[in-house]
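A, B, ... follow the sequence lines: proteins, then strands. Residue 1 opens every chain. No hydrogens, no waters, no symmetry mates; every other heavy atom, side chains included, goes into these values.
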Protein chains: 2
Amino acid sequence: MANRTGQGPARAPRRADGLSRELIIRTAIDMLDSGGEKALTLRALTVRLRTGYGAIYHHVADKDDLLAAAADQVITGVTASTADGSSDPRTALRALALSLFDAIDAHPWVGADFSRQPWRPALLDFYESVGRLVGDLGVQHEARFDAAGALVNYVLGVAAQNAANARLLAGGAADRETFLENAAQQWAQIDPGRYPFVHAAATHLSEHDDREQFLVGVDIFLAGVATLR
Amino acid sequence: MANRTGQGPARAPRRADGLSRELIIRTAIDMLDSGGEKALTLRALTVRLRTGYGAIYHHVADKDDLLAAAADQVITGVTASTADGSSDPRTALRALALSLFDAIDAHPWVGADFSRQPWRPALLDFYESVGRLVGDLGVQHEARFDAAGALVNYVLGVAAQNAANARLLAGGAADRETFLENAAQQWAQIDPGRYPFVHAAATHLSEHDDREQFLVGVDIFLAGVATLR
DNA sequence: ACACGTGTTGGATCGTCGCTCCATTCGTGG
DNA sequence: CCACGAATGGAGCGACGATCCAACACGTGT
């Protein structure tokens with residue numbers, strides 16, 4: 001007689017430490033960081049937390065909710081860390097964009113996540129800061145919305161690219177070195193007659209730094225914004 | 001005795017019209033356009049084509065292969081349609097960017113797809129054309145790669161945004177009107193003290209044209225690129 | 001002490017997905 | 001005419017997200 005009713009299955013003892021939404025999100029972030037997007041399954045989460053589905057779904061609406069909360073958690077604080085207000089708007093904008101770039105670079109799955117559900121509250125802070133700083137640059141009225149929107153879209157575009165590259169990296173190749181070599185080789189095989197520019201870009205691929213190129217893009221944008229003033 | 005061996009199941013007659021990779025991709029595009037990303041399942045595809053899994057997997061490696069082929073199909077021709085070469089580089093770049101924007105706007109799932117597997121051959125054409133035209137603008141050497149990469153990333157970023165918005169639109173709201181109203185109301189509820197810029201942006205949301213704002217962003221970039229010369 | 005209610009937990013179970021596997025069929029060259 | 005390979009249809013597998021409910025802990029009222 002395992003239990004009273006003779007019907008219910010044998011149950012594991014209730015967990016001692018409290019399960020909270022906070023703990024679930026932290027664990028999810030950990031799994032996403034170590035194994036990528038496809039590593040976060042609810043089954044794996046129940047194993048990792050030594051619990052069941054009911055406990056998780058009691059604290060979280062569904063998987064999208066969990067992913068959004070994880071992305072918010074990672075991005076929150078990005079704007080706060082660079083909002084000292086002492087430097088000039090141009091420097092501040094560069095620092096702001098770079099901090100978001102670094103955050104998504106450290107957690108590539110966030111990029112794919114924001115391209116699925118944009119305008120999360122955490123991005124509102126970013127958008128707000130960008131808009132304010134663009135205004136400080138002297139851009140007025142509707143042009144501010146266009147300029148800020150363009151910059152945010154550029155940053156998110158680069159982030160999505162990096163996230164995709166990181167996914168390829170995490171998949172097949174062993175390390176970044178061999179991956180870049182393989183990519184460079186593939187790109188080098190591109191017909192130089194039909195694709196002279198892409199072929200030339202391929203040769204520059206090995207001595208290429210994503211972070212630097214991102215900053216150059218920000219500078220191009222800022223130079224363009226200066227003409228709106 | 002339904003059949004000789006007495007083991008095999010009753011089989012439907014073989015289809016008359018030939019099943020080809022081309023037909024499969026066309027059907028997939030049709031399903032994606034009408035029902036969004038989640039509407040394309042292999043099961044639904046077998047029903048629509050009146051066939052089985054084996055036939056489909058004989059022509060297609062897996063679902064990613066199918067999605068990539070569908071995206072390529074949609075994008076192919078975008079560059080060709082604007083490559084007359086008669087106009088000046090600036091006009092040509094605007095037209096090129098706009099044609100990709102329109103293509104992804106008409107097929108929003110392509111945006112989400114490219115953010116998952118970038119550097120598809122179809123995008124090579126786009127990247128090549130952008131690089132060439134940026135060169136025609138007078139930008140030389142490494143700056144060309146940075147400028148072209150930045151512009152491509154901006155376009156893809158906007159595309160991903162639009163794709164995400166289109167997904168929200170296809171989901172809950174009935175039409176674009178009420179959706180924009182709901183969004184504007186939600187944004188209007190944002191604390192004007194904490195988020196003055198976002199709050200101001202919300203009021204401009206109704207009289208806002210994605211396509212126009214996209215073009216303004218392109219112009220900002222082009223103005224910034226002009227300073228590199 | 002005891003019963004009750006409410007918030008929490010664990011896990012069996014469901015429907016669906018992408019994909020594999022294999023028996024079967026058709027077309028065609030020897 | 002037949003053998004063989006390309007093409008086809010569909011049963012079945014494992015994994016997924018999600019639902020549902022019995023079991024549990026614990027504060028509160030009596």
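- Applying a 4.0 Å cut-off to non-hydrogen atoms, the residues of residues 52-63 of chain B that approach DNA chain D are B:G52, B:Y53, B:G54, B:A55, B:H58, B:H59, listed by residue number.
- Centroid-to-centroid, the aromatic rings of A:F197 and B:F145 come within less than 6.0 Å.
- Taking the six-membered ring for Trp, B:W119 and B:F114 have ring centres at least 6.0 Å apart.
- Salt bridge status for B:D102 with B:R211: present, with a side-chain N to carboxylate O gap under 4.0 Å.
- Here the closest heavy-atom approach between residue B:V110 and residue B:A71 is recorded as CG1-CB, 4.2 Å.
- The heavy-atom pair separating A:V218 from A:A97 by the smallest distance is CG2-CB, 4.1 Å.
- Contact check of residues 26-45 of chain B against DNA chain C (heavy atom, cut-off under 4.0 Å) returns B:L40, B:T41, B:L42, B:R43.
- Under 4.0 Å is where a charged nitrogen must lie from a carboxylate oxygen, and between A:E128 and B:R194 no such pair does.
- Here A:V60 pairs with A:R21, A:I24, A:D65, A:L66 under the side chain to side chain contact (heavy atoms under 4.5 Å, CB included) rule; sequence neighbours left out.
- We find that CG of B:L49 is positioned 16 Å from P of D:dA7, with the value rounded to whole Å.
- For B:Y154 and B:F221, the distance between ring centers is under 6.0 angstrom.
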